*Asks:* 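Have a look at this one before I ask anything.
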Amino acid sequence: MSESLEVDSKVEFGIDSVQNGNCVDVKKEMPNCVTPGCGKPAPLGCPKCKQLNIQNSNFCSQECFKGYYSQHKQLHKVQYNCTAQNITPSGIIINYPGFSPTGDLMPYKQTPMRTIPEHIARPDYASDERGIPYSEHASKQAGHIEILNDEEIAGVRKACQLGREVLEIAAALVKPGVTTDQIDEAVHKACIDKECYPSPLNYYNFPKSCCTSANEVVCHGIPDLRPLRDGDIVNVDISVYHNGFHGDLNETYFVGGNPDKESINGPDFVWMFRFSYKVG
């Protein structure tokens, strides 16, 4: 890490000052350190964030800055994606009070839910305020497994084929620097182009058109503004609804050209999981 902190000129020092004729305790105005679990008064600012006009980026000490830098520097990469999408980068990483992450992965903010043109056929939950799949509930309560005829089986196969085509489009975007929101945007557009409804969208109010689960996220991760990093793994889960049938499939991808073989994100771990799944 080559960055060094600078004194934030916006933070005043001293016991008190006078504003509009009233005494004000300036210490109360000092921002807190953004390192999760710290919260100490933070008079020092990240010079790169200042250059990129990223707000609320103060640290209490150089040591805190160094310890959190591997995660903090993601803000700098996000700035470029935010500029392209006309999104304000300030506060792009979500810090939950009292929560200390065990790894580098942090939750990022999400873009608004995307819409589907009216001519695209959709499942019953798509327009439901709570996203409840009533037909799914009815099927489960019927107490029997429905046997499909040849025409219906062909419909399922078609939905799965279209889902695979959409997944391949998503897979082509998996590379360092690309956000999972950008993958979701491409999936959303591909579904519309193929006359499909993206099944995850509004399913129990799920806000996105696919699931992207990076690293320690087990499944059903929500696409957000976090850029993928070299060495990540990410599972992309695609479901499409076409002519009354859902096609559902997923794949796990390595991010970058040189996955670390010794890491839990390395190829040996992923291949071992795939083998265990096939034989077990």
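Quick caveat, the model's predicted, so the values are computed rather than measured. Numbers here are sequence positions counted from 1.
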*Asks:* Take T35 and K40 through the test side chain to side chain donor-acceptor pair (under 3.5 Å) and record every step on the way to the result.
*Replies:* CA-CA 9 Å; T35 299; K40 295 179 181 178; over 6 Å; no

*Asks:* Quick one: which of V236, I238, L167, V234 gives a side-chain contact (heavy atoms from CB on, under 4.5 Å) with E251?
*Replies:*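 Among V236, I238, L167, V234, the one that satisfies the side-chain contact (heavy atoms from CB on, under 4.5 Å) with E251 is L167.
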
*Asks:* Considering all heavy atoms of both residues, which atom of R122 and which atom of S127 are nearest to each other, and what is their separation?
*Replies:*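 In this case the closest contact between R122 and S127 is CD-OG, 4.0 Å.
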
*Asks:* Run the side chain to side chain contact (heavy atoms under 4.5 Å, CB included) test on F206 and S199 for me, step by step, so that the C-alpha distance in whole Å, both residues' side-chain angles and the decisive distance to 0.1 Å come before the verdict.
*Replies:* CA-CA 10 Å; F206 189 84; S199 301; over 6 Å; no

*Asks:* Which heavy-atom pair separates L44 from Q62 by the least distance, and what is that distance?
*Replies:*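 Looks like CD1-N, 4.4 Å.
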
*Asks:* According to a hydrophobic-cluster definition based on side-chain heavy atoms being under 4.5 Å apart (Ile, Leu, Val, Met, Phe, Trp, Tyr only), do I192 and Y241 belong together?
*Replies:*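 Linked within one cluster.
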
*Asks:* Backbone N or O of C210 within a donor-acceptor pair of the D237 side chain at under 3.5 Å?
*Replies:*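 No: the side chain of D237 does not pair with the backbone of C210.
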
*Asks:* Just by modelled atom types, is the C160 backbone N or O under 3.5 Å from a matching donor or acceptor in the H242 side chain?
*Replies:*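 No; judged by distance alone, with no hydrogens or angles, the pair does not exist.
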
*Asks:* For N149, is the CG atom crowded, meaning more than 12 foreign heavy atoms sit under 6.0 Å from it?
*Replies:*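 It does: N149 CG has more than 12 such atoms within range.
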
*Asks:* Hey, quick one: are L173 and V255 part of the same hydrophobic cluster, counting side-chain heavy atoms closer than 4.5 Å, chains of contacts allowed?
*Replies:*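 Cluster IDs for L173 and V255 match.
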
*Asks:* Using a strict threshold of under 4.0 Å (side-chain N to carboxylate O), is an ion pair present between E168 and R164?
*Replies:*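 Salt bridge between R164 and E168, a charged N being under 4.0 Å from a carboxylate O: yes.
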
*Asks:* Give a yes-or-no answer on whether the side chains of D248 and S239 include a donor-acceptor pair shorter than 3.5 Å.
*Replies:*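 Note: D248 and S239 side chains meet the donor-acceptor criterion.
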
*Asks:* Checking salt bridge (charged side-chain N to carboxylate O under 4.0 Å, His left out) for the pair D224/K208: CA distance, chi angles, key distance, verdict?
*Replies:* CA-CA 9 Å; D224 59 21; K208 293 298 179 181; over 6 Å; no

*Asks:* Specify the closest pair of heavy atoms between I169 and A190, including all atoms of both residues, with the distance to one decimal.
*Replies:*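 In this case the closest contact between I169 and A190 is CD1-CB, 3.7 Å.
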
*Asks:* Please check if the side chain of T252 supplies one atom and the backbone of N235 the other of a donor-acceptor pair under 3.5 Å.
*Replies:*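 Between the backbone of N235 and the side chain of T252 there is no qualifying donor-acceptor contact (under 3.5 Å).
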
*Asks:* For the hydrophobic clusters of this structure (ILVMFWY residues joined by side-chain heavy atoms under 4.5 Å, transitively), does one cluster hold both M113 and Y197?
*Replies:*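 Result: yes, single cluster for both.
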
*Asks:* For E216 versus L105, what's the shortest heavy-atom pair and its separation?
*Replies:*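 The pair with the smallest heavy-atom distance is OE2-CB, 3.4 Å.
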
*Asks:* I233 and F254: side chain to side chain contact (heavy atoms under 4.5 Å, CB included), yes or no, with the steps?
*Replies:* CA-CA 5 Å; I233 57 172; F254 302 115; 3.7 Å; yes

*Asks:* For the residue pair F59 and F65, categorise the inter-ring angle as parallel (less than 30°), tilted (30 to 60°) or perpendicular (more than 60°).
*Replies:*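 Ring orientation of F59 relative to F65: perpendicular.
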
*Asks:* Side-chain donor-acceptor pairs under 3.5 Å in residues 134-142, sequence neighbours left out?
*Replies:*
from	atom 1	to	atom 2	distance (Å)
Y134	OH	D128	OD1	3.4
S135	OG	D124	OD2	3.2
E136	OE1	Y203	OH	3.0
E136	OE2	K140	NZ	3.3
E136	OE2	Y203	OH	3.0
H137	NE2	Y204	OH	2.7

*Asks:* Between L201 and P207, what is the shortest heavy-atom contact and its length?
*Replies:*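 Taking every non-hydrogen atom into account, CD1-O, 3.7 Å.
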
*Asks:* Check C60 against C33 and note the closest heavy-atom contact, atom names and distance.
*Replies:*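 Heavy atoms only, the tightest pair is N-SG, 3.5 Å.
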
*Asks:* Does V178 share a hydrophobic cluster with V174, counting links as ILVMFWY side-chain heavy atoms below 4.5 Å and allowing steps through other members?
*Replies:*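 Same hydrophobic cluster.
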
*Asks:* Does one hydrophobic cluster hold both V34 and L225, with members joined at side-chain heavy-atom distances below 4.5 Å?
*Replies:*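 Yes, V34 and L225 fall within the same hydrophobic cluster.
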
